[in-house]
Amino acid sequence: MKIILKTGIITLLTFATFILSTTNVNAQTKSETDKTYIKIEVDGLSCPFCAYGLEKKLKQAGSKDVLIQLEEGEATMSVPKDQQPTEEKLRKIVKDAGFTPKEITFSTTPFKMKKDEK
Amino acid sequence: MNRLIILLIGVLATTSVFAQGPPIFTETPILLGLDGGGMRTFGRFIVKENATVYVQPLAIPYNLGSKTQIGIAGRFININLNNFESVSGFGDLTFFLKQQLYQKDGKGKTFRIIAKLDQVFPIGKTSSMPSIGSDSWQSQLSLVTGYVTLKYGIYGQVGYNLTSNGLPDNLIYNAAFVYPLLPQKYPPNQLNLNIGINGKFFTDVNSNTILASGGIQWITSKTALFEAGIQIPIVEEVPKAQKTNYVLTFGTRILIF
């Protein structure tokens, strides 16, 4: 009887763990596919103290995770797919922040960061 | 001559009131971040042969766009004459306008030129001896350039200050080199070394003043900066009793907009 009970509990726990992990993976995948990832090459990013305005303006465009990389001269961010700004709008934002926009890339998957590659 | 000294104090007090970013003692052509919608104040001790002057200015710039900035600066001044009582009060008020004329950006670098207009309203106290205000309307037009990269920054300013009420007009010339001591990253945690010269030539009386400047800046976050610097005269064509020994500056800049 004890053996049957033990086996039952272990089976239940294993099943619960499997269900939870699958749900998590599904949630993560769904969340990632609902986003558009944007990389903007920005010229003129020459000082950390002056990049704040760019970050602030990009956040106003609907992103909560703006990342500015000075050495690469890049700003990356993600926005919900249904709020994706146009390339024209992004160029205006960068110009209004006092910088020069270069290439803008849209992607359905996150961009690899230099620090991630190390 | 007494009013010339007041004008000189004004110069020492205002040279960098409007410099809203690195460098400490020279103007910058960059109107962004801590150079933009910030508030700047510092305490400046001007130690002269015959007096110690303390100046506490407060400057608030406001960006009308990415290429235009306006602002206002006021200052509290205390003059402590050696072996005599001290006088203090609010000095003149300055309105300033910056307009960007040229911008050339590259990856991790920028070259910019701006025109800057300073208009001094002589509202400072003039009833004391020595006077706290200059009692002179002054208009200064200058060109400011800067080449800033992630590795260093070079800044320059040339301008002419028209005065009224018998004060001598003057030509200003400033230059600075800024070197970051820590790797540049964002959000910032920067330590910057500043060196430079600040010159002023009083055209009507052929009197020249050149100060050698040095200082250090610590940018602790996206919105706050602390700085300290010293200026030592290398040329100062004034009577010996009125010569400046050194100028100490301690200040902060906080982004508010």
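Residue numbers begin at 1 in each chain, while the letters A, B, ... track the order of the sequences. Computed from a predicted structure; not experimentally measured.
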Salt bridge (Lys or Arg N to Asp or Glu O under 4.0 Å) pairs, two or more places apart, involving residues 180-198 of chain B: none

Straight-line distance of E55(A) CD to K222(B) NZ, nearest 0.5 Å: 3.5 Å

Exceeds 12 heavy-atom contacts within 6.0 angstrom, atom OH of Y160(B): yes

Contact origin within L45(A) toward chain B - heavy atom pairs under 4.5 Å: backbone

Which of T110(B), D105(B), N189(B) touches chain A most, by non-hydrogen pairs under 4.5 Å: D105(B)

Other residues, nucleotides, ligands: >12 heavy atoms within 6.0 Å of Y179(B) OH: no

Q103(B) versus F99(A), closest heavy-atom pair with distance: NE2-CA, 4.1 Å

Contacting moiety of Q184(B), where chain A heavy atoms sit under 4.5 Å: both

Winner by heavy-atom pair count (cut-off under 4.5 Å) against chain A, out of K151(B), K107(B), K104(B): K107(B)

Over 12 non-hydrogen atoms of neighbours within 6.0 angstrom of CZ in F121(B): yes

Shortest non-hydrogen separation from Y52(A) to Y186(B) and the atoms involved: CA-OH, 3.2 Å

Non-hydrogen atoms of P48(A) and P188(B) that approach each other most closely: CB-CB, 3.5 Å

Contact class of Q100(B) relative to chain A, heavy atoms under 4.5 angstrom: neither

Nearest heavy atoms of L150(B) and E71(A), plus distance in Å: CD1-CA, 4.0 Å

Nearest non-hydrogen partners of G108(B) and S46(A), listed with the distance: O-CB, 3.6 Å

Selection residues 95-110 of chain A - residue pairs positive for salt bridge (Lys or Arg N to Asp or Glu O under 4.0 Å), sequence neighbours left out: D43(A)-K102(A), K92(A)-D96(A)

